[in-house]
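Okay, structure first, notes after.
Proteins get letters first, then strands, A, B, ... in listed order; numbering begins at 1 in each.
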Amino acid sequence: MSDTLLDIDGYSLDIATFDGPLHVLKDINLTVRRGDTLGIVGESGSGKTVLVRSVMGIGPKNSDVKAGTITFDGQDITRLSDKGWAKIRGVRISMIFQDPMTYLNPLFSIGRQISDVIAAHERAAGEGVSPKSARRHRTEELLDQVGLPNPADLFDQYPHQLSGGMRQRVLIAMALAGKPDLLIADEPTTALDVTVQAQVLDLIKSLVKKLNLTVVMISHDIGAIATIASRCAVMYKGEIVEQGETNDILGNPQHDYTRQLLAAVPDIEAKPARLMAAEAASEAPSKPTKLLEGMNLRKVYKTRAGGEFTAVNDISLAVNTGEIFGVVGESGSGKSTLARMLLRLVDPTAGDIIFEGQNISGIAGEPLRKIRQHMQFVFQNPHSALNGRHTIGDAIGEPLRIQRTMNRRDINARTEALLDIVQLPRNFKYRYPHELSGGQKQRVCIARAIALNPRLLILDEPTSALDISVQAQVLDFLQEVRKELNLTYVFISHDLAVIRQICDRTIVMKRGDIVEQGDTEQIFLHPAEDYTKALIESGRVTSRAANMRA
Amino acid sequence: MLSFTLRKLLTVAGTMLGIAVLTFVITNIAPGDPARLVAGPNATEDMVETIRSEYGLDRPIVEQFVIYMKDLMTGDFGTSIVSTRPVLDELLRYAPATIELVLVAMLLGIVVGVPLGMLSAVYKDGPIDHVTRILSISGVALPAFWFGILMQLYFSVELGWLPVSGRLPLVARPPDMVTGSLLIDSLISGNFKTFNSALSYIILPAIVLSFPCLASILRVNRAEMIEVLQSDYIVAARAHGISSRRIVAIYALKNALLPTLAMIGLRFGWMLGSTVLVETVFDWPGIGLYAVSSALASDFKPVIGVTLLIGFLFIIANTLVDLAYAWIDPRLRRA
């Protein structure tokens with residue numbers, strides 16, 4: 001038995017598109033030895049997912065291998081037939097995926113899905129399918145192995161009844177069903193909450209040890225890579241620009257791109273630049289005036305079962321003019337509901353919203369429309385926040401048209417001015433969203449939000465759908481715009497390093513309640529609640545990994 | 001699931017009530033004097049008045065409504081003027097033929113449409129896909145009466161394979177009535193000769209009636225399959241080593257079936273309406289033909305009866321679709 005399990009040699013892959021072939025992978029050379037844990041780091045579009053899917057023979061449809069080979073355990077699998085794959089896919093190489101919700105079939109029970117995988121493997125091995133009860137037993141064993149409680153009950157449950165972390169464990173159990181030699185993990189923690197991420201990474205780590213797995217994990221999260229992988233490769237635009245021991249690469253990056261990537265990860269330990277600037281200027285803070293207040297806000301949703309679900313439970317807050325007000329919490333903590341209530345996009349069940357001294361919780365129609373000029377929203381995902389059939393110019397000009405105070409020429413001029421402000425070329429107004437990158441799209445969304453000269457911007461995770469290097473740019477840019485236009489931000493994020501960098505005051509939310517609030521630095525340096533501590537600690541993992549170099 | 005079913009049944013009752021009210025309102029706001037229509041063009045003023053009081057049309061509208069609803073509750077649909085028999089009796093006589101025709105057509109649409117849709121999704125842009133595209137476009141484009149006559153000309157007159165019209169040959173003795181469906185009843189009584197004969201009579205009208213339905217089921221199922229086959233969980237199923245055939249036939253089909261089911265429910269109602277055309281062309285003794293002949297004779301009670309019956313069947317079909325939805329999709333089952 002040779003020591004090399006997976007060998008990718010000079011592998012190049014094109015994808016046929018309407019505009020001709022796209023060189024997605026260029027001359028990839030990668031060797032994975034038995035027992036290795038290899039991390040592949042790269043941003044979206046770097047080709048890392050295409051690469052690992054090619055290893056499993058589930059690459060994109062119109063792809064064409066230009067050169068090179070992939071060898072698994074001595075067997076050339078570059079152009080394997082479906083029959084050949086049956087003995088490998090899921091059995092010897094298996095895979096776990098990014099978003100455990102969309103990768104589980106919603107219409108089949110957990111138990112059915114796993115025992116079907118077991119049956120498929122038995123069929124592929126030609127040994128005949130074992131009886132249902134035996135497969136059930138094995139399924140429950142697998143569920144137990146990945147640390148899920150009550151496997152017997154879980155067997156008959158459906159994906160939508162489980163939490164994100166549990167679903168990811170189910171997917172891992174499925175991947176382990178064939179007792180694979182090689183486990184490929186495609187961004188296994190990206191779609192999970194920070195505290196759950198740590199648990200899933202721990203699980204993978206312990207399984208590697210216990211089952212003697214070889215792992216290839218791809219991620220854009222350097223912290224996750226550092227936790228799992230002993231070796232790592234950095235991908236950029238279809239090429240591997242650097243590979244070696246993880247510690248060497250993180251501690252002493254050779255390639256420019258790697259350096260940029262590491263530098264872009266916000267350092268949770270660093271004292272924010274804004275504080276240092278403030279201290280240097282030593283300006284006495286003027287007495288803050290309240291721009292927006294929420295008083296005893298509550299939002300209760302009716303569930304389908306006829307019960308009630310409290311998304312936001314009696315929250316009061318005050319946002320001062322000119323500050324950046326942070327809201328931190330994991331998914332389900334109610335932070336998005338809170339933000340939408342503040343803007344009156346969602347009606348509160350109880351409580352008042354006071355904007356510039358005026359109670360806006362009861363108003364509707366024209367007065368509400370007038371107030372909305374002054375408060376705008378920037379959404380999380382710029383890819384879905386822009387209408388694909390409207391040009392950028394249409395998108396930015398839309399609020400101006402809706403408020404009906406300007407003629408067409410003025411709207412055009414204002415649109416160009418806004419493009420200037422968000423530092424995009426003026427001719428972008430003729431383009432369509434799909435022609436722009438994620439960072440550019442988010443700038444367009446910001447331009448649209450500031451079109452009416454609002455006083456308040458509510459930003460709901462404005463950088464979490466973006467690559468790390470783009471995130472840094474957008475954050476810098478947001479701070480510039482704020483200074484220039486004298487804006488107040490409510491900034492929602494799950495990323496504590498980002499919050500520390502830019503927010504003056506912060507509230508930490510958990511299950512609809514505020515667990516901690518106050519000055520951001522105070523919260524960071526002296527967190528009072530265990531929940532806050534856990535959030536900060538999980539943020540540290542990534543931050544430390546990326547900032548370990550001298 | 002049980003409480004879900006009960007809740008659904010309550011909605012059915014509510015909707016039925018709505019249909020009954022609506023039918024009453026429409027017949028009352030429709031222009032024309034029903035009494036005069038019934039009496040005919042040569043009737044004297046006295047005759048019209050007699051008929052008016054006989055039918056209760058001279059009473060206040062609210063009272064008429066109360067009587068109408070009370071009659072409906074007790075199963076009294078009024079009396080047909082032409083046949084002078086209770087409408088309910090006639091509906092019960094004609095409905096089984098229509099239901100049999102619609103169900104056979106529906107079955108044909110599903111059994112042919114779903115697999116063809118699946119195949120054309122799997123072999124998208126291949127020869128099968130092109131053939132089914134022509135099939136489905138002509139399915140929605142060809143008018144039923146024209147297509148029906150064409151089929152009669154070719155298969156009955158030209159080739160002589162199948163009978164032109166009717167439900168059974170005049171000389172044949174129909175089997176004892178159990179379900180009202182000739183196909184099922186003849187099987188129950190073990191009379192295979194009648195079964196074959198009934199089958200040969202139903203083939204052409206069923207094909208004509210099902211063709212547009214088949215076409216839309218095919219298209220919806222194809223579009224859904226294409227989308228589902230690109231979804232993440234299908235990629236995951238492949239990665240876990242499940243065979244392509246199993247993925248398509250079990251995993252993807254179940255997900256794609258949901259919108260197709262909704263389509264089937266809608267098409268069922270549409271088919272019931274289309275029987276008016278198809279039954280006329282094929283002289284099929286069902287409620288469609290009954291409605292047409294009654295309408296032509298200005299016999300309005302049967303028309304109301306047929307409307308209510310079709311509405312009722314449509315609601316039943318859609319309730320079954322809803323239940324099937326919940327059965328397939330665990331997310332819809334309420335706790």
- Query: Within the side chain of Q113(A), is there an N or O that forms a donor-acceptor pair under 3.5 Å with the backbone of I110(A)?
  - Reply: no
Please state whether the side chain, the backbone, both or neither of [X] comes within less than 4.5 Å of a heavy atom of chain B.
| X | value |
| --- | --- |
| L171(A) | both |
| I58(A) | both |
| M174(A) | both |

- Honestly, the part of L258(B) sitting under 4.5 Å from a heavy atom of chain A is side chain
- Task: Establish, from distance only, whether the side-chain atoms of S216(B) and R267(B) form a donor-acceptor pair under 3.5 Å.
- Result: yes
- Interatomic distance, I19(B) atom CD1 to T307(B) atom OG1 [nearest 0.5 angstrom]: 10.0 Å
- Query: How far does NE2 of H121(A) sit from NZ of K87(A), to the nearest 0.5 angstrom?
  - Reply: 12.0 Å
- Pick from V91(A), L104(A), I93(A) with the largest number of heavy-atom pairs that fall under 4.5 Å of chain B: L104(A)
- What residue, out of I88(A), I96(A), T102(A), has the most heavy-atom pairs lying under 4.5 Å from chain B? T102(A)
- Message: Within 45 degrees of the ring normal and closer than 6.0 Å to the centroid, is that where the cationic atom of R92(A) sits relative to F72(A)?
- Response: no
- Message: Can you confirm whether more than 12 heavy atoms, excluding those of R246(B), are under 6.0 Å from its CZ atom?
- Response: no
- Out of N255(B), I234(B), I328(B), which one racks up the most heavy-atom pairs below 4.5 Å with chain A? N255(B)
